[in-house]
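There's a structure below that I have some questions on.
Because the structure is a prediction, the values reported are computed rather than measured.
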Amino acid sequence: MPFPFHIDILDLIFKGILIGIIASAPMGPVGVLCVQRTLNKGRWYGFITGIGAAVSDIIYALITGYGMSFIMDLITDPQTLFVLKITGSIMLLLFGIYCFKSNPTKKVHFSGKGKGTLLHNGITAFLVTSSNPLIIFLFMAAFAQFAFVVPNQPLMMSAGYFSIVVGALLWWFGLTWLVDKIRGKFDKDGIVLINKVIGSLVIIFSLIVLIGTIFNLFTFDY
């Protein structure tokens, strides 16, 4: 009996890491801010900016998960769950298209090179991310598609939410490392390119899971 539990919790951790990366990767205002600070102030200032964003993201993830847990308790019909997963896939697809077409460098103010403290950099990133509650819709889409919310399983969900933070920090650590390594060649066009690559990956991923979800339903009905 313990064996399936371990498999389930490892699966949830993997999903959480993936959700954390998906939520952090699009180059919105905080992503541009992270790149800017890495270039102007140094890698660790950029990474602290990412940590501030990750703290805001996990708060929104907890709010989303807490709300969805009530809905999941009421859902027993497999077809209703199917509709939720399809909706989540479509929302992720639309998000990927928006990410691909957007230019995150527009209307973004590139500040001077005054460093400030690490704490100040983290707090400002937290405030920038917190000012965009639309991230809740992204978490709703991801949670629905991955069937991430597991009601009445506080230990599993604690591990899942922690893994979202891990996924987000992995993204910010990797991004700041990359920008620091190629700082001499990185500019606004690089930010736009990253956004297009991320958008393309989200589009491909959402189409794959959308088709896979439909195929599984057909198999189930048969």
(message) Donor-acceptor check, side chain of S56 to backbone of S130, threshold 3.5 angstrom: yes or no?
(response)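 Between the backbone of S130 and the side chain of S56 there is a qualifying donor-acceptor contact (under 3.5 Å).
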(message) Just verifying a value: how many Å separate F173 CZ and I51 CD1, rounded to the nearest 0.5 Å?
(response) 10.5 Å
(message) Nearest 0.5 angstrom please: I21 CD1 to L169 CG, how far?
(response)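 So the gap between those two atoms works out to 10.5 Å.
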(message) Holding to side-chain hydrogen bond (donor to acceptor under 3.5 Å, both in side chains), I want the full list of residues that pass it with T124, two or more places apart in sequence or in another chain.
(response) R37
(request) For F146, check ring-ring contact (aromatic ring centres under 6.0 Å, His included) against everything at least two apart and list the hits. (result) F205
(request) Tell me, please, which residues at least two apart from F162 pass ring-ring contact (aromatic ring centres under 6.0 Å, His included). (result)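 ring-ring contact (aromatic ring centres under 6.0 Å, His included) check on F162 returns nothing, list empty.
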(message) In the structure I gave you, are the side-chain heavy atoms of L118 and Y45 within less than 4.5 Å of one another anywhere?
(response)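 A side-chain contact under 4.5 Å exists here.
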(message) So, using ring-ring contact (aromatic ring centres under 6.0 Å, His included) as the criterion, who are the partners of W44 when residues are at least two apart?
(response) F47
(request) Please name all residues satisfying ring-ring contact (aromatic ring centres under 6.0 Å, His included) with F126, sequence neighbours left out, ordered by chain then number. (result)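 In terms of ring-ring contact (aromatic ring centres under 6.0 Å, His included), with neighbours along the sequence ignored, F126 is linked to no residue.
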(message) Please enumerate all residues that pass side-chain contact (heavy atoms from CB on, under 4.5 Å) together with T87, with sequence neighbours excluded.
(response)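 Scan of T87 (side-chain contact (heavy atoms from CB on, under 4.5 Å), adjacent residues dropped) gives V83, M91.
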(request) Determine whether L138 and I135 make a side-chain contact, defined as any pair of heavy atoms from C-beta on separated by less than 4.5 Å. (result) yes
(request) State, to 0.1 Å, how close A23 and D57 come at their nearest heavy-atom pair, and which atoms those are. (result) O-OD2, 4.3 Å
(request) Find out if a path of hydrophobic residues (ILVMFWY) with successive side-chain heavy-atom gaps under 4.5 Å connects L94 to F100. (result) no
(request) Hey, could you give me the CD1/CD1 distance between I22 and I198, rounded to the nearest 0.5 Å? (result) 11.0 Å
(request) Quick one: name the residues clustered hydrophobically with L201, using the 4.5 Å side-chain heavy-atom rule over I, L, V, M, F, W, Y, and just say none if it's on its own. (result)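 Listed partners: L193, V197.
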(request) Identify the two heavy atoms, one from A53 and one from V30, that lie closest to each other, and give their separation to 0.1 Å. (result)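 Looks like CB-CG2, 3.7 Å.
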(message) Applying side-chain contact (heavy atoms from CB on, under 4.5 Å), can you list everything that pairs with A61, at least two apart in sequence or on another chain?
(response) I58, F139, F143, I164
(message) With side-chain hydrogen bond (donor to acceptor under 3.5 Å, both in side chains) as the rule and sequence neighbours excluded, what pairs involving residues 162-179 come up?
(response) none
(message) Just to verify, what does I208 make a side-chain contact (heavy atoms from CB on, under 4.5 Å) with, not counting sequence neighbours?
(response)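 Counting only residues at least two positions away or on another chain, I208 forms a side-chain contact (heavy atoms from CB on, under 4.5 Å) with I204.
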(message) With rounding to the nearest 0.5 angstrom, report the CD1 to SG distance, I203 to C99.
(response)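 Atom-to-atom, I203:CD1 and C99:SG are 8.5 Å apart.
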(message) What's the separation between atom CZ in F148 and atom CE in M156, rounded to the nearest 0.5 Å?
(response) 9.5 Å
(request) Any chance you could measure L92, atom CG, to M140, atom CE, to the nearest 0.5 Å? (result)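 Answer for the CG-CE pair, L92 versus M140, is 12.0 Å.
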(request) Specify the closest pair of heavy atoms between T38 and G46, including all atoms of both residues, with the distance to one decimal. (result)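 Heavy-atom minimum between the residues: OG1-CA, 3.3 Å.
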(message) Any non-hydrogen side-chain atom of N121 less than 4.5 Å from a side-chain atom of K41?
(response)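 Yes, their side chains come closer than 4.5 Å.
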(request) Not counting sequence neighbours, which residues clear side-chain hydrogen bond (donor to acceptor under 3.5 Å, both in side chains) with T64? List them please. (result) none
(message) Run the side-chain contact (heavy atoms from CB on, under 4.5 Å) test against L170 and tell me which residues pass, sequence neighbours left out.
(response) I17, V166
